[in-house]
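The chains referred to below are lettered A, B, ... by the order of the sequence lines, with proteins before strands, and numbering in each begins at 1. Note that the structure is predicted; figures quoted are calculated from it, not measured.
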Amino acid sequence: MIDILCSLTYLSCGRVVTPLFQKLLSASDADLTLSRLVIPKKCAEAYFPRLSGPHKIPINILDTDGKEWNFHFRFWPNSRSKMYVLEGLRDYMVSKKWQAGDVVTFYRIEPGQKLVMG
DNA sequence: AGCCATGCACCG
DNA sequence: CGGTGCATGGCT
């Protein structure tokens, strides 16, 4: 996981975004059967919607082409902590040909808090 | 201390 | 018997 300095950026689709963080995809992140992405805890709590309990919430995220994707965001209770995951990525992973070792970058559309993943 | 990659029990 | 939902353990 790599933190990024906050600097406004234009995506190829024309949107103005702030880069938030990147993640190097692990083998399990890239596993099509699991089709879920572990979100580093500090990034999840800083940039993702607040979760009031251990239930998934729907979350709409754009890719860098501006296409909308519907995922679910939740955490797993873990012995005295939490692990945050983004679920339902199967179609996205197939479409983007995600592989372990790839890097995914999260952005926030400015102004607002809508997320972009690409 | 505790994150996070992955193991794995158990439920349908 | 494939996936969910959490546990485990290597690592820092």
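Contact annotation: A/Ser26 side-chain N/O to B/dT6 OP1/OP2 distance is under 4.0 Å.
Using the six-membered ring where Trp is involved, A/Phe21 and A/Phe48 have ring planes that are tilted, between 30° and 60° apart.
Remark: aromatic rings of A/Trp76 and A/Tyr84 are distant, center separation not under 6.0 Å.
The minimum heavy-atom distance between A/Phe71 and A/Glu87, with the atom names listed, is CB-O, 3.3 Å.
Put simply, the side chain of A/Leu62 reaches to within 4.5 Å of the side chain of A/Lys114, judged on heavy atoms. A/Leu37 is listed as a side-chain neighbour of A/Leu25, based on a closest heavy-atom distance under 4.5 Å. Counting heavy atoms from C-beta on, the side chains of A/Thr18 and A/Leu8 come closer than 4.5 Å.
Chain A approaches DNA chain C over the interval C/dG3 to C/dT8, counting the first and last nucleotide 5' to 3' with an atom under 4.0 Å from its heavy atoms.
For the pair A/Leu24 CG and B/dC4 P, the interatomic distance rounds to 13 Å; values are reported in whole Å. Atom NZ in A/Lys41 sits about 16 Å away from atom C1' in B/dA5, given to the nearest Å. Remark: P of B/dC3 and CD1 of A/Ile39 are 15 Å apart, rounded to the nearest angstrom.
In the model, A/Trp69 has a side-chain atom that pairs as donor or acceptor with a side-chain atom of A/Asp63 under 3.5 Å.
Within residues 72-89 of chain A, the residues approached by DNA chain C to less than 4.0 Å at the level of any non-hydrogen atom are A/Arg74, A/Trp76, A/Pro77, A/Asn78, A/Ser79, A/Met83, in residue-number order.
Of the possible polar contacts, one joining the A/Lys23 side chain to the A/Val38 backbone as a donor-acceptor pair under 3.5 Å is found.
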